[in-house]
Amino acid sequence: MDIASSSLSQAHKVVLTRQPSSRVNTCSLGSVSAIGFSLPQISSPALGKCRRKQSSSGFVKACVAVEQKTRTAIIRIGTRGSPLALAQAYETREKLKKKHPELVEDGAIHIEIIKTTGDKILSQPLADIGGKGLFTKEIDEALINGHIDIAVHSMKDVPTYLPEKTILPCNLPREDVRDAFICLTAATLAELPAGSVVGTASLRRKSQILHKYPALHVEENFRGNVQTRLSKLQGGKVQATLLALAGLKRLSMTENVASILSLDEMLPAVAQGAIGIACRTDDDKMATYLASLNHEETRLAISCERAFLETLDGSCRTPIAGYASKDEEGNCIFRGLVASPDGTKVLETSRKGPYVYEDMVKMGKDAGQELLSRAGPGFFGN
């Protein structure tokens, strides 16, 4: 059993107790499981035989040594250790197995957990500890140094620049991009009493909340994995929180969603709901594996959104939102937003054009340049 399986088996469950008076809108999410999740642990038939021989032969060390020697991973996946990151790594592994028979054998794909700066420092807001690359730097280094073969990232954590010697040729099919409202006493943000505290580590969410609901307060350093945030909510540290619906779906943890915010109420982060997989520029074998998983419609949408973000030179100190999608006629519709951190000013724009890489990147850049011009110097208070 690799270390990822061990960590997943330890994932604790968080069950929120909703007050009887609350009215819940599940927004037709469908059937869901209880808060928390479990994924199948890796098992090895050979190792099982080895253990069965243990009591009679006593040659446990020799047998395990042979087992480890004969099982060499074809692909080593690098990921963070949070339950969501591990779920995304397992999703990647399963998709690779379905596409490539040689990867089905137990042990052919190994998951390596790498702790990042963003995981190590939880006591400070993201904006205060660097912003860009907080959840990817150490994983990128492991990739460049050859300790792993591919890196699985939440795309909204990936800086607009990629480290030298790496490429990101693959995006898996995108999940729902919307944000979920989670609260024990109200069904929507509008129902929260004045003075209620909403917890979020996202300036994007903070600015849009305060712009529409200035009577609410926002706790900025509301950090931690999904389970941690739900536990804080249950403990009364805040009255409500917002989480990406995509992550909750991947963890089968949607049962406590009070409502789903529309795109008009809360425009998502650039690349929200998307998984990206990187490899080294000189690793043709891994590039071929990843090409078989790439979802081109998602990759093009992410390229448009990241061009917008790059033009704005966005960071964790900059409230920015952007979303590209395909309409019924097959065109790209892009919506972009920048805001002042306190939510008093929000600037929005949109674009429509062909769903083609060059056109979509141009749309993203053009939208970013427009908002930069309209915002003017000092808009973000930096």
Side-chain angles (χ1 to χ4, degrees), residues 11-37 82-84 122-123 125-126 175-269 272-273 319 321 337 339 341-344 346:
H12 62 282
K13 291 188 176 182
V14 179
V15 179
L16 297 184
T17 304
R18 192 178 299 280
Q19 296 187 9
S21 61
S22 73
R23 177 169 59 83
V24 179
N25 172 18
T26 58
C27 301
S28 303
L29 284 169
S31 60
V32 293
S33 67
I35 279 278
F37 70 101
S82 72
L84 177 56
L122 297 175
S123 58
L126 294 174
E175 249 295 358
D176 198 313
V177 303
R178 294 173 295 172
D179 284 308
F181 175 71
I182 301 176
C183 180
L184 305 180
T185 59
T188 65
L189 278 167
E191 291 184 13
L192 286 174
S196 296
V197 180
V198 181
T200 179
S202 164
L203 283 184
R204 170 191 66 87
R205 290 181 178 131
K206 174 189 174 182
S207 61
Q208 291 185 76
I209 290 170
L210 294 179
H211 181 68
K212 295 179 175 68
Y213 307 102
L216 299 178
H217 296 296
V218 175
E219 167 55 49
E220 290 184 36
N221 194 31
F222 196 72
R223 297 186 54 206
N225 61 38
V226 172
Q227 289 86 346
T228 298
R229 296 187 208 190
L230 293 178
S231 292
K232 289 179 179 180
L233 174 62
Q234 180 73 73
K237 293 183 180 293
V238 297
Q239 280 71 62
T241 188
L242 300 183
L243 295 172
L245 183 59
L248 294 171
K249 284 188 171 184
R250 290 187 174 118
L251 292 172
S252 296
M253 293 174 65
T254 55
E255 67 173 15
N256 288 302
V257 173
S259 61
I260 299 173
L261 280 67
S262 70
L263 296 180
D264 290 329
E265 188 171 11
M266 182 65 62
L267 200 62
Q272 183 156 305
L337 174 154
D342 62 3
T344 54
V346 172

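These values consider heavy atoms only, across backbone and side chains, with no hydrogens, waters or symmetry-generated copies.
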Quick one: side chain to side chain contact (heavy atoms under 4.5 Å, CB included) partners of A321, sequence neighbours excluded?
-> R204, Q208, L267, L337
Distance (rounded to the nearest 0.5 Å) between L189 CG and C183 SG | 8.5 Å
Could I get the full list of side chain to side chain donor-acceptor pair (under 3.5 Å) partners for Q239, not counting sequence neighbours?
-> none
To the nearest 0.5 Å, atom OG of S207 lies from atom CG of D342 at 9.0 Å
Does the side chain of P83 come within less than 4.5 Å of Q227's, by heavy atoms?
-> yes
How many angstroms lie between atom OG1 of T185 and atom CG of L192, to the nearest 0.5 angstrom?
-> 6.0 Å
Backbone N or O of A186 within a donor-acceptor pair of the E191 side chain at under 3.5 Å?
-> no
Taking all non-hydrogen atoms of both residues into account, name the closest pair between A180 and L248 and its distance.
-> CB-CD1, 3.9 Å
Just by distance, with hydrogens left out, do D264 and S262 show a side-chain donor and acceptor under 3.5 Å apart?
-> no
Dump the intermediate steps for side-chain contact (heavy atoms from CB on, under 4.5 Å) on N225 and L84, then the final yes or no.
-> CA-CA 8 Å; N225 61 38; L84 177 56; over 6 Å; no
How many angstroms lie between atom CD of E265 and atom OG of S259, to the nearest 0.5 angstrom?
-> 7.5 Å
Can you list every pair that meets salt bridge (Lys or Arg N to Asp or Glu O under 4.0 Å) and has a residue in residues 205-215, with sequence neighbours left out?
-> D179-R205, K206-E220
Tell me, please, whether F222 has K232 positioned over its six-membered ring: NZ or CZ under 6.0 Å from the ring centre and within 45 degrees of its axis?
-> yes
Would you say V238 and V198 make side-chain contact, with heavy atoms under 4.5 Å?
-> no
Atom CG of N256 and atom CZ of F181: how far apart are they, to the nearest 0.5 Å?
-> 12.5 Å
Under 3.5 Å, is there a donor-acceptor pair between the side chain of R229 and the main chain of L242?
-> no
Any side-chain heavy-atom pair of L263 and R178 under 4.5 Å = yes
What is the minimum heavy-atom distance between L261 and M266, and which atoms define it?
-> CD2-CB, 3.5 Å
Verify side-chain contact (heavy atoms from CB on, under 4.5 Å) between L243 and V257, making sure each step is shown before the conclusion.
-> CA-CA 9 Å; L243 295 172; V257 173; over 6 Å; no
All heavy atoms of L184 vs all of Q234, minimum pair found to be CD1-NE2, 4.0 Å
Just how far is it from atom CG of D176 to atom CD1 of I260, taken to the nearest 0.5 Å?
-> 6.0 Å
